[in-house]
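Take a look at the structure set out below.
First listed ligand is number 1; within each ligand, the first listed atom is number 1.
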Amino acid sequence: MDALFHPVSVAVVGASKGEGKIGHAILQNLVECGYQGPIYPINPNETEEILGLPCYPSVGAVPGAIGLAVLAVPSRFILAVARECGEKGVPALVTVTAGFKEVGKEGLDLEKQLAALCGQYGMRMVGPNCLGVIDTHTPLNASFSAGFPHKGGIAFLSQSGALCAAILDWSLPRGIGFSKFVSTGNKAILSELDFIRDMVEDTYSKVILGYIEDVKNGEAFVQEVSRFSRTKPIVILKSGTSQAGAQAASSHTGALAGSNLAYDVAFRQAGIIRAGSMEELFDYATAFATQPIPAGRRIGIVTNSGGPGIIATDSVEADGLFMARFQKDTLEALRGLLSPAANIYNPVDVLGDATPDMYRQSFRLVLGDPGVDAVLCLLTRPAGIDPAEVAAGVVQERRRFPGKPVVAAFLGGGNVASGITVFQKSGVPTYEFPERAVLALSGLARYADLIKEPPVGRGHEFTDVDRDRVRETFAEVRRDRRLVLLGSEAHRVAQAYGINAAPTRLATRVSEAVGAAEELGYPVVLKIASPKITHKSDIGGVKVGVGSPDEVREGFLGILENVQRALPNVPVNGVEVQKMLPSGTELIVGVSRDVQFGPLVMFGLGGIWVNLLKDVAFRLASGLTLEEIGRMVTETKANTLLHGFRGRPPLDHKAVVETIARVAQLVRDFPEIAEMDINPLVAYERGVGALDVKLTIS
Ligand code: COA
């Protein structure tokens with residue numbers, strides 16, 4: 001990555017004299033950004049110079065070493081040029097050329113060949129199909145951007161080159177500074193993870209911002225980023241999420257999951273702050289780039305008018321923050337300072353006629369209160385007050401408490417512009433509206449909580465599992481040309497992983513059913529066995545509390561008759577005889593599989609209300625520890641029931657956590673498990689029982 005961001009020299013292959021051409025823009029950017037090393041334009045049709053630099057006909061003709069080659073030749077020449085670079089020993093490439101996997105099969109083949117060439121010569125490559133890379137501190141502009149960003153602490157990466165360009169345009173008049181700017185393009189070699197890793201190590205980068213459309217190697221991404229995010233805040237805007245996957249799913253878990261949720265869960269576990277819009281992305285960024293991480297969530301507000309103070313107070317509560325309660329000393333000092341009509345309680349309203357000095361002193365008192373973790377300064381400009389003076393007072397007092405974040409929302413556009421300028425120069429983030437300022441504070445607070453949690457660990461492993469038994473069961477199911485397991489098979493798989501699934505036998509004849517009931521012991525439950533029938537009770541396919549051989553016979557025939565009547569053409573494998581477990585609190589543990597992040601484990605309130613109540617929490621199965629499962633359980637209302645609700649005895653929390661961990665291990669071990677539901681998993685005072693296990697393989 002050093003070769004990429006601090007190259008000893010840069011060659012532009014496809015450099016052109018033609019103004020308006022990409023090869024021209026890249027060369028011009030390199031020259032104008034003040035890059036200190038040699039720059040070599042390469043163009044076989046140009047014999048003399050371009051922009052005053054001697055031009056070379058090929059990479060091989062360059063006399064010195066080339067640290068970085070930026071390729072801007074049509075895609076049909078790319079392989080030849082990349083090979084030349086490899087032969088020359090160029091360590092890093094930026095391929096801006098488009099026409100690769102984004103254009104279809106042929107482009108994909110070309111991209112694969114390009115990646116193979118890079119692999120063969122050990123070259124790292126950004127792109128193809130990208131805008132290029134910028135490092136403001138080197139300085140280096142190996143891109144065709146229109147402009148060079150201000151120097152600063154934001155490292156930005158984006159899968160969309162157009163978005164890079166738009167963000168750059170937006171940032172310039174606002175004075176927002178960047179350390180690095182990377183357009184990742186098609187990520188044939190270097191992907192977001194490589195850049196994030198580099199940005200974490202880069203001393204100039206204070207916060208990492210990104211826009212991504214998809215993640216490569218989702219599970220590895222989460223594992224690694226969860227360590228990085230403890231060092232530096234990472235804020236990412238993720239687009240292109242859809243619920244299509246969720247609609248297609250047949251299990252409860254699958255229906256509640258979906259790609260958007262998978263990203264939410266993965267980002268959370270990775271410690272990434274997810275932004276919901278471009279506006280949010282930069283609102284967070286400006287706070288993270290300039291402010292310390294707060295110790296807690298208690299917010300103090302200083303305002304000179306009531307309305308914005310109330311609006312901000314509402315946002316504080318909505319965003320999971322708290323309004324600070326001031327100490328007695330603070331209240332007394334504010335009372336002595338402000339007019340009797342002012343509000344000395346949080347939000348402190350100094351009133352419209354307060355002088356800049358009264359605002360400054362009030363701010364100091366609020367910021368200095370030990371019960372305040374961060375402060376929001378609001379101002380609407382009344383006649384006769386200079387906003388710049390108010391801002392200067394805030395900047396001055398803020399230095400006394402460097403550990404507490406301060407953000408501002410000065411309302412009124414041009415009327416308050418002088419104050420905003422003072423803030424921008426002094427590193428106090430300002431927002432157009434109070435809600436956005438509060439959201440930025442909530443991002444800081446979320447990060448403060450996140451770094452207290454350990455990064456993703458090693459998935460908990462039990463040793464008492466029987467992998468062979470699961471493998472054999474899946475093989476039998478495949479031999480039978482099925483993907484959906486029968487209940488008896490699914491229960492066997494669960495038992496092989498130490499999950500207390502109610503023993504279940506498949507009976508194809510009445511005599512077998514009686515034999516199974518005698519073996520399991522009465523009472524038993526009879527259930528229709530058919531992979532095609534999911535809601536068995538609805539069609540009379542279940543009989544509970546069957547207590548004698550006669551009742552088994554009667555139940556067996558009755559169930560078959562009911563199903564025959566309701567679904568005459570559905571194939572039936574027989575009737576399952578299941579040991580009847582006592583009733584208890586019904587929970588659900590399930591699994592769905594996400595294309596990017598692998599299996600997701602779900603836990604929540606079970607039974608028939610799952611989809612209605614949606615009291616569920618998700619985690620990635622990958623790297624899931626018992627501690628993390630404990631946190632997952634606390635996110636649900638089911639947790640309240642586990643701890644003994646309204647005088648009921650507490651249930652076996654440990655057995656629930658263990659069951660979730662065993663399910664996670666099972667789906668980690670068997671990637672062919674597409675979906676799984678244990679519903680209900682019944683929790684008792686001692687132990688749990690899985691009454692119904694559904695499992696689909698791919
Ligand atoms: N080595 C060096 N230079 C070569 C070359 C080679 N093997 N083959 C051709 N060239 C030169 C050409 O002579 C030309 O120079 P000239 O202007 O002096 O004639 C220059 O390279 C560019 O080639 P040209 O055929 O004019 O292509 P172009 O400039 O119209 O387009 C790209 C080249 C790379 C810009 C174009 O193919 C492309 O991919 N555009 C889209 C880029 C994009 O959008 N990327 C994603 C952004 S997010």
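With no hydrogens or angles considered, a side-chain donor-acceptor pair links T286 and Y431 at under 3.5 Å.
Atoms CG and CE, on L4 and M125 in that order, are 11.5 Å from each other to the nearest 0.5 Å.
Environment of CD in E102: crowded, with over 12 heavy atoms of neighbouring residues, nucleotides or ligands closer than 6.0 Å.
In summary, R268 and E635 engage in a salt bridge, as defined by a charged side-chain N under 4.0 Å from a carboxylate O.
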Could you tell me, for ligand 1, which of its N or O atoms are under 3.5 Å from any protein N or O, listing the pairs and their distances rounded to 0.1 Å?
| from | atom 1 | to | atom 2 | distance (Å) |
| --- | --- | --- | --- | --- |
| ligand 1 | 13 (O) | N45 | ND2 | 2.8 |
| ligand 1 | 15 (O) | N43 | ND2 | 2.9 |
| ligand 1 | 17 (O) | S16 | OG | 2.6 |
| ligand 1 | 17 (O) | K21 | NZ | 2.8 |
| ligand 1 | 18 (O) | N43 | ND2 | 2.9 |
| ligand 1 | 26 (O) | K21 | NZ | 2.4 |
| ligand 1 | 39 (O) | A98 | N | 2.7 |
| ligand 1 | 45 (N) | V96 | O | 2.8 |

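A heavy-atom distance below 4.5 Å is not found between the side chains of Q113 and I78.
N186 pairs with exactly one of E111, K101, Q159 by the side chain to side chain donor-acceptor pair (under 3.5 Å) rule, that one being E111.
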